[in-house]
Amino acid sequence: MGDNVGWGIVGYGWVARDYMAPGIRAAGHRLVAVCDPGEGSRRAAEAEGARAYADLAALIADPEVEAVYVATPNHLHREAVEVLAAAGKAVLCEKPMAAQLADAEAMADAVRRHRIFYGTAFDQRHHPGHRAMRALIEAGRLGTVTAVRIVYACWLDRAWTSVAGLDNWRIDPSQAGGGALMDLAPHGIDLVDFLAGESLATITALTQARAQDYAVDDGALLIGRTGSGVLANLHVAYNCPDALPRRRLEVVGTGGMLAAVDTMGQVAGGSLAFTDGASGRSEPVAFDTQASPFLEQVRAFGSALRRPEERAAYSVERDLHTMRLVAAAYASERGAAAPGR
């Protein structure tokens, strides 16, 4: 059978349809079945050769479904993951883990109890440019890493709903659990762990609701520090026009700096450069600009599914810590006590 994994998808919205499903096919895997309550989503799945179900029990009963990608609105993650875990399915769940920390804690408990293979879909770990950055950092090219700086922004207003023809649940606090911070910051927090080799230990944030007319934050600044002292700052936003420079990732060290432009996001490409700390000379760093992070994520998850020795790269405890950091960031803005690790 090799790495030809049979996938199911729960929640067939634009991310699943436009990025995950093509990634499954490009990786040589099979999209077996989709579960979605929407008739239009089920028709779209059937048009692509997948079986379509209106309820999760039917998808679980499909004997060809080995791994399931959960891409529902955030507040529905817990129910899906708990049911899939009880059924013994491997699960790749979209970030953030849940709309509320308590739900993420319950999901982690289900994963532990049923001993399933679980991963949160931090696809940015799998972008070839970010993998190239990590390899150079591990090789010592930057010397002692001192800081990670991230800008990850976009424009998301109410008009997005009508343009995309979908429910814009990301601006509904009951479904999303928050706004730009909840949606975009988890990628940056996870990338700090991936690139620096350690998680943030402390975090604080300031949010804004300045440009968009909805009930969640449309921008946030976050600062944090790892246990060894690496500083991180993240600017995430739903209020940055898409025509502006809005996606940049920098890692700074005593020996130089790596700067990636337009690598963060769902698509392949972008650019990466290394600037030497002694001479100031900058040079491009080559990486695979054709493979999307979704494609690479499918390949990695499928390989680990077939080879348990590779599953050490996945950790529900690490993902839960990231969710706790998101909750702590919101709590710091409210002046509340931040939850511990």
Would you call the rings of Y238 and Y214 parallel, tilted or perpendicular, taking 30° and 60° as the class edges?
perpendicular

Do other residues, nucleotides or ligands put more than 12 heavy atoms under 6.0 Å from E250 CD?
yes

Checking E66 side chain against G6 main chain: does a donor-acceptor pair fall under 3.5 Å?
yes

Going by atom types alone, do R158 and N168 pair a side-chain donor with an acceptor below 3.5 Å?
no

State whether a side-chain donor-acceptor pair under 3.5 Å links Y12 with E48.
yes

Any donor-acceptor N/O pair, D276 side chain to R281 backbone, under 3.5 Å:
no

Mind listing the closest non-hydrogen atom pair of S332 and A329 along with its distance?
OG-O, 2.6 Å

Under a plain distance cut-off of 3.5 Å, with no hydrogens placed, do N74 and E94 share a side-chain donor-acceptor pair?
no

Hey, could you give me each pair passing ring pair (Phe, Tyr, Trp, His ring centres under 6.0 Å) that has a residue in residues 102-125? Not counting sequence neighbours.
F117-F301, F117-Y314

Side-chain donor/acceptor of H75 to backbone N/O of G177, under 3.5 Å:
no

With a 3.5 Å distance limit and no angle check, can you tell me whether R318 reaches the backbone of A313 through a side-chain donor-acceptor pair?
yes

Examine distances only and state if a side-chain atom of K89 and a backbone atom of V65 form a donor-acceptor pair shorter than 3.5 Å.
yes

Between D190 and T322, do the side chains contain an N or O donor and an N or O acceptor separated by less than 3.5 Å?
no

Heavy atoms of L305 and R311 approach each other most closely as O-NH2, 2.8 Å

Side-chain H-bond candidate by donor/acceptor type, Q266 with S292, under 3.5 Å:
no

Do the side chain of H77 and the main chain of M97 share a donor and acceptor less than 3.5 angstrom apart?
yes

For Q290, look at atom CD and say whether over 12 heavy atoms of other residues, nucleotides or ligands are found less than 6.0 Å away.
no

For A259 and R248, work out which heavy atoms get closest and say how close.
CB-NH2, 3.6 Å

Begin with the C-alpha distance, continue with both residues' side-chain angles, and end with the deciding distance and a verdict on salt bridge (charged side-chain N to carboxylate O under 4.0 Å, His left out) for D288 and R131.
CA-CA 10 Å; D288 183 353; R131 287 181 175 176; over 6 Å; no

Results of side chain to side chain donor-acceptor pair (under 3.5 Å) for E39 - residues two or more places apart only:
R43

Judged by modelled atom types alone, do D217 and Y330 share a side-chain donor-acceptor pair under 3.5 Å?
yes

Is there a donor in the side chain of R125 and an acceptor in the side chain of H130, or the other way round, less than 3.5 Å apart?
no

R51, CZ: over 12 other non-hydrogen atoms inside 6.0 angstrom
yes

State plainly whether one hydrophobic cluster holds both Y152 and V15, where clusters connect Ile, Leu, Val, Met, Phe, Trp and Tyr through side-chain heavy atoms under 4.5 angstrom apart.
yes

